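Let me begin by presenting the structure, written as structure tokens, before commenting on it.
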Amino acid sequence: EKQIPSQPHWAFCYIMIHKVSRSFSLVIQQLPVELRDAVCIFYLVLRALDTVEDDTSVATEVKVPILMSFHRHVYDREWHFSCGTKDYKVLMDQFHHVSTAFLELGKHYKEAIEDITMRMGAGMAKFIYKEVETIDDYDEYCHYVAGLVGLGLSKLFFISGREDSVSDSLCNSMGLFLQKTNIIRDYLEDINEVPKCRMFWPRQIWNKYVNKLEDLKYEENSVKAVQCLNEMVTNALAHVEDCLTYMSTLRDPAIFRFCAIPQVMAIGTLAKCYNNIEVFKGVVKMRRGLTAKVIDHTRAMADVYGCCPCCHGGYPSRIPIWKPALDHVTDVRKKDGTSS
Ligand SMILES: O=C(O)CO[C@@H](C(=O)O)[C@@H](OCCCCCc1ccc2ccccc2c1)C(=O)NCCCCCc1ccc2ccccc2c1
Ligand SMILES: [Mg+2]
Ligand SMILES: [Mg+2]
């Protein structure tokens, strides 16, 4: 008789993660099998939560209760909430497949994913009512939507027995670096969002250059816009040293690759954004297929050097790709007289 796939919900999950995020789908495939399923579900649960947050057509009084109770809905096979567009809408409409797969995970994995989902939902709800004014607000918002992902991933690595636990501060920095890079790169897409524009750049930075955040996109302000952009990039670069320290604690080569590749892509994106007026004209994206190339290159370097940095054999000059970026940060700090 027709061979019915025994695990249709897992097929759905791996197909969906490939559709909603090619880059994270590729790096998640790098993980050891028992971590891969937990991280795949962790991604899809949070992506669904974020799709609710991002949908500016959902009324606040409807959105906030969903964000606050999302961590409980993952246990309810019947629950779904229709929102988002294209593949994100498919994820929302078919969310019961994610719940079914979630319930098959080990107990500790489920607890970790539920805890982060609850904390992220509450943080997102708080910022529905609160604008990002100060740099502290900016760091707090990024902690909720990305720093917590770093904490959760480190918990999953620890539960799998493959990594020791790492300080919350270092895990948080891994997320802040990636999220701040996204916020810088997506300025124009966010400010032009309909029906309501999305603003994440902190007033404490942009109000030194313009009166309103949207003024940065107007031609006559382009010199100030690039100065403001460069300050945002320098703010993001402050997390690089913590990210390096976090990655230097990793032991498992597959986990190292999973963590290092998004960081390498982000540093590339920041380099493309720095001093680049195009950020205010269109989204400055990395070339399509670049993640796959970086994955091949990282594997090739491990083969060539016979080990990878996390085996503590290390490449000859331990962190070759980071050296120029670190030197730049030090130079900028010296110029600003803020060197530590
Ligand atoms: O809507 C979009 O497409 C972009 O949404 C952005 C937004 O709305 O701000 C924004 O949504 C944030 C809320 C949902 C977070 C979903 C997520 C992302 C990556 C994961 C990676 C592995 C496991 C779980 C993950 C969960 C977004 O996707 N920003 C991209 C940066 C977030 C990076 C999170 C992160 C943190 C630490 C990490 C450490 C190691 C490896 C990957 C890491 C990944
Ligand atoms: Mg989003
Ligand atoms: Mg969001």
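Owing to the predicted nature of the structure, the values given are computational and were not obtained by experimental measurement. Here, residue 1 is the first one in the sequence, and each next residue gets the next number. Atoms within a ligand are numbered from 1 in the order they appear, just like the ligands themselves.
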For Phe12 and Leu91, which heavy atoms make the closest approach, and how far apart are they?
CZ-CA, 4.3 Å
Run the side chain to side chain contact (heavy atoms under 4.5 Å, CB included) test against His9 and tell me which residues pass, sequence neighbours left out.
Gln7, His97, Thr100, Ala101, Glu104
Is there a donor-acceptor pair under 3.5 Å between the side chain of Asp76 and the backbone N or O of His73?
no
Keeping Asp242 on the side-chain end and His239 on the backbone end, is there a donor-acceptor pair under 3.5 Å?
no
Between Asp215 (side chain only) and Val210 (backbone N and O only), is there a donor and an acceptor less than 3.5 Å apart?
no
For ligand 1, the residues whose heavy atoms come within less than 4.0 Å (ordered by chain, then number)
Phe24, Val39, Phe42, Tyr43, Leu46, Arg47, Asp50, Asp54, Tyr88, Val145, Ala146, Val149, Gly150, Leu153, Gly175, Leu178, Gln179, Asn182, Phe258, Cys259
So, do Ile28 and Ile17 sit near enough that their side-chain heavy atoms are less than 4.5 Å apart?
yes
Can you name the salt bridge (charged side-chain N to carboxylate O under 4.0 Å, His left out) partners of Lys89, sequence neighbours left out?
Asp93
Heavy-atom donor-acceptor pair, Asp87 side chain to Val20 backbone, under 3.5 Å:
no
So, leaving waters aside, the tally of protein N/O/S atoms less than 2.8 Å from the Mg ion (ligand 3) stands at 3
Check Arg162 with Glu34, please: is the shortest side-chain N to carboxylate O separation under 4.0 Å?
yes
